[in-house]
Student: 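My questions will all concern the structure given below.
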Amino acid sequence: MQGYQHIVDDEIINLPLGKVVCVGRNYAAHARELNNPVPTEPVLFIKPNTALASLSEAIFIPCHLGECHFETEMSILIGQPLTQCTEPQAQAAILGVGIGLDLTLRDLQQQLKDKSLPWEKAKSFDGACPASEFVSPDRLGELQNQQIRLSLNQQVRQDGSSADMLTPVLPLLVYISQFFTLLPGDLVFTGTPAGVGSLAIGDQLDVSLSEVIHCRTEVCARKRQSL
Ligand code: ZN
């Protein structure tokens, strides 16, 4: 949770730092680039609040655990409880929209997938969820027409549009709330467009959501803790 606070339109929001519900393979081109089938319904997983970090500060990756991939995703800050909700309820509960990285230890994830084991160690480590500040949805315009972009060392690596989500934000929130109650202060990460790749120490990242949010950060090594 180092350095992370919920901020909407430059104001600190006094809500708990909650869980992060993430969706895998929400863009067909990304599912294909990792040789995964395009799913018929959303693939969900959760990062705990200890995975949150500020995308405006240096990000720390545990490089002793193999390749760490960036996945750039539009993020949603939840402002009202949602349990088995409708789309209008989901819409009313969106407090902010931002951008973030679903950091993924890809080698470890592959090992876990090969053994049909859960992904948490690869997806939910401390700092695995650097998230930006948010803007209120009325400042953003059409949710499903936003540019999601990441440049690594000045080269554009991901440049997608939320128009290409297989499950758009509102049906996604409805779907999530059938299984997990979303609480004020929770985040939802909405999946990554194609172009994911690995990070190296010293990489400079520029991450943006349309012309509304821009974050610049650098990749650092997280020291291995002795057990
Ligand atoms: Zn992801």
Side-chain angles (χ1 to χ4, degrees), residues 4 18-53 55 59 61-62 65-78 97-113 117-132 134 143-144 146-150 152 157-169 171-173 175-176 179-180 182 186-199 205 207-209 213 215 217 219:
Y4 176 83
K19 61 185 174 292
V20 185
V21 181
C22 302
V23 55
R25 305 174 199 165
N26 202 22
Y27 291 77
H30 169 63
R32 284 194 288 266
E33 75 179 340
L34 294 183
N35 296 317
N36 287 313
V38 176
T40 51
E41 60 181 309
V43 176
L44 302 181
F45 58 96
I46 289 181
K47 295 183 189 240
N49 62 3
T50 44
L52 286 167
L55 187 55
I59 60 175
I61 61 172
L65 295 176
E67 277 210 350
C68 184
H69 273 200
F70 55 85
E71 297 188 358
T72 313
E73 313 201 357
M74 192 165 90
S75 57
I76 305 292
L77 175 61
I78 301 295
V97 183
I99 189 100
L101 299 177
D102 165 18
L103 295 181
T104 304
L105 294 167
R106 193 69 75 199
D107 295 336
L108 185 54
Q109 186 193 32
Q110 190 58 50
Q111 292 165 20
L112 295 166
K113 281 163 73 177
L117 290 172
W119 299 351
E120 271 85 350
K121 288 194 291 184
K123 288 279 200 182
S124 303
F125 57 91
D126 289 358
C129 196
S132 74
F134 297 85
L143 259 184
Q144 299 306 146
Q146 298 297 324
Q147 184 187 41
I148 294 154
R149 192 172 231 248
L150 175 138
L152 188 149
R157 300 288 294 275
Q158 291 194 277
D159 189 5
S161 168
S162 62
D164 295 325
M165 286 182 191
L166 296 172
T167 306
V169 172
L172 180 62
L173 296 180
Y175 181 84
I176 290 169
F179 301 93
F180 315 118
L182 290 168
D186 285 351
L187 303 187
V188 172
F189 269 45
T190 58
T192 187
V196 303
S198 61
L199 293 170
L205 304 180
V207 185
S208 61
L209 183 70
I213 298 176
C215 294
T217 186
V219 179

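Just so you know, ligand 1 is whichever comes first in the structure, and atom 1 is the first atom listed for that ligand. Residues: numbered from 1 along the sequence shown.
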Student: Among His30, Gln158, His69, which residue satisfies the side chain to side chain donor-acceptor pair (under 3.5 Å) criterion with Thr192?
Tutor: Gln158

Student: Going by chain and residue number, what protein N/O/S atoms come nearer than 2.8 Å to the Zn ion (ligand 1)?
Tutor: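 Glu71 OE1, Glu73 OE2, Asp102 OD2, with waters left out.
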
Student: Looking at CG of Asp159 and CD of Gln147, how far apart are the two atoms once the value is rounded to the nearest 0.5 Å?
Tutor: 4.5 Å

Student: Considering non-hydrogen atoms only, spot the tightest contact between Glu73 and Ile148 and give its length.
Tutor: N-CG2, 4.4 Å

Student: Determine the sole option in Leu103, Leu65, Thr50 for which the side-chain contact (heavy atoms from CB on, under 4.5 Å) test with Phe125 is passed.
Tutor: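 Among Leu103, Leu65, Thr50, the one meeting side-chain contact (heavy atoms from CB on, under 4.5 Å) with Phe125 is Leu103.
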
Student: For Lys123, is there any backbone N or O sitting under 3.5 Å from a side-chain donor or acceptor partner on Lys47?
Tutor: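 Confirmed, Lys47 side chain pairs with Lys123 backbone.
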
Student: What pair of heavy atoms forms the shortest contact from Leu52 to Gly18, and how long is it?
Tutor: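 Taking every non-hydrogen atom into account, CD1-O, 4.1 Å.
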
